[in-house]
Amino acid sequence: MTDHSSASAIRFASAYALLRMAADLGDHWIQSDHQAVTKGQHDENEGQSSWTGRIACTAHVATYTATQAAVLYAGSRVLGLRLKPSRVAAALALSAATHWWADRRIHLKADPGELHLMQARLSAAGPELREVYRLAV
């Protein structure tokens, strides 16, 4: 492995560890009870998401993402990771969007088996995604 690829691997592993720690903080310590209970709420009569659920989920994802940003910033300063702000912003935006989608439980609500189909699609996608999925589970 070259020095450049070693540095990239170290930055990736460090950033991943920091983000995982921040995710646990954001989901288990920062999130309010109200957000946890309400974020997946739907209006059953109309078949559409309720504003109460949307607002709670958006508030949770905002604090979750802010927690990730703060931990990643502090950790990268301490560890001297020299992360690129544009890449950090893109990663946090992707994390926020997918977290909001998952916490709203809109797409998995009708068919809980869909999660297994998503896992199968990821597993079939290639060795890189299989490794990411393995680490995430």
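Excluded from the calculations below are hydrogen atoms, water molecules and symmetry mates; all remaining heavy atoms, backbone and side chain alike, are included. Everything numeric here is computed off the predicted structure, so don't read it as measured data.
Contacts classified as salt bridge (charged side-chain N to carboxylate O under 4.0 Å, His left out) and involving residues 26-42 (residues at least two apart or in different chains) are given here: K39-D103. Contacts classified as side chain to side chain donor-acceptor pair (under 3.5 Å) and involving residues 61-73 (residues at least two apart or in different chains) are given here: Q68-S95.
Closest approach of H60 to H99, counting heavy atoms only: NE2-NE2, 3.0 Å. The minimum heavy-atom distance linking V71 with L25 is given by the pair CG2-CD1, 4.2 Å.
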Table please: side-chain donor-acceptor pairs of residues 79-86 below 3.5 Å, with sequence neighbours left out.
none

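Listed for the Q35 side chain is a donor-acceptor partner under 3.5 Å among the backbone atoms of S32.
Linking ILVMFWY side-chain heavy atoms closer than 4.5 Å, directly or via other members, places W29 and V37 in two distinct hydrophobic clusters. No path of Ile, Leu, Val, Met, Phe, Trp and Tyr side chains, each step under 4.5 Å between heavy atoms, connects M21 with I30, placing them in separate hydrophobic clusters.
Remark: R20 pairs with D24 by the salt bridge (charged side-chain N to carboxylate O under 4.0 Å, His left out) rule, at least two apart or across chains. Scanning for side-chain hydrogen bond (donor to acceptor under 3.5 Å, both in side chains) contacts around T38 gives H34, with sequence neighbours left out. Residues satisfying the side chain to side chain contact (heavy atoms under 4.5 Å, CB included) criterion with T98, sequence neighbours excluded, are L94. By the side chain to side chain contact (heavy atoms under 4.5 Å, CB included) test, T58 is found to be paired with W100, residues two or more places apart in sequence or in another chain being considered.
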